[in-house]
Amino acid sequence: MATELQERVWKKLKQIPQGKVVSYAELARAVGNAQAVRAVASAVGKNTKLITIPCHRVVRSDRSVGKYAKGEKKKIALLKKEGVRITDGKVDRESFVNL
DNA sequence: GCTCTGACGATTT
DNA sequence: GAAATCGCCAGAG
């Protein structure tokens, strides 16, 4: 089972459309814990259901892709494959979605 | 119940 | 502009 944070975070992750990404800060705000960005990030990291939950669509607020269980490079490749425009490791602003 | 840690953020050096 | 520092909340030991 999962903690309350994880359930909330994962639920938001599922709302992210393909080809779009969201920053941890935005995600934290979406779950109602704008200041708990660390806790939210941890919750995302606890995610093991990489198939059920598109945790790779979460990036950092400075537009860097951030980390990934399979590796950052894999994350970038996956995002680009979904239609997210990434330039030099930075996600394009147009690829960000507002929750 | 206290302490440490973390897929981060903003600020300062 | 990049690297280091402090601060934030939640979960685990």
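Letters A, B, ... are given to chains in the order of the sequence lines, protein chains preceding strands, and every chain is numbered from 1.
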Query raised in the report: Do the charged groups of A:K75 and A:E72 touch, with an N to O distance under 4.0 Å?
Result: no
Please report the closest heavy-atom contact between [X] and [Y], naming both atoms and the distance.
X	Y	value
A:C55	A:L50	SG-CD2, 3.2 Å
A:S61	A:S23	CA-CB, 3.9 Å
A:W10	A:K46	CZ2-C, 4.4 Å

Rounded to whole angstrom units, what separation is found between the [atom1] atom of [X] and the [atom2] atom of [N]?
X	N	atom1	atom2	answer
A:R63	B:dA10	CZ	P	12 Å
A:K90	C:dG1	NZ	C1'	11 Å
A:H56	B:dA7	NE2	P	19 Å
A:D62	B:dT11	CG	C1'	14 Å
A:R57	B:dA7	CZ	C1'	17 Å
A:I76	B:dA7	CD1	P	17 Å
A:E26	B:dA10	CD	P	11 Å
A:K67	B:dG9	NZ	P	13 Å

Report task. Apply side chain to side chain donor-acceptor pair (under 3.5 Å) to A:D62 and list each qualifying residue two or more places apart in sequence or on a separate chain. Result -> A:S64
**Report entry** CA sep, side-chain torsions, deciding dist, call: A:K20, A:E82, salt bridge (Lys or Arg N to Asp or Glu O under 4.0 Å)
**Finding:** CA-CA 8 Å; A:K20 296 287 180 181; A:E82 292 192 358; over 6 Å; no
Pairs under 3.5 angstrom, nitrogen or oxygen only, protein versus nucleotides 8-13 of chain C, please.
| from | atom 1 | to | atom 2 | distance (Å) |
| --- | --- | --- | --- | --- |
| C:dC8 | N3 | A:R38 | NH1 | 2.8 |

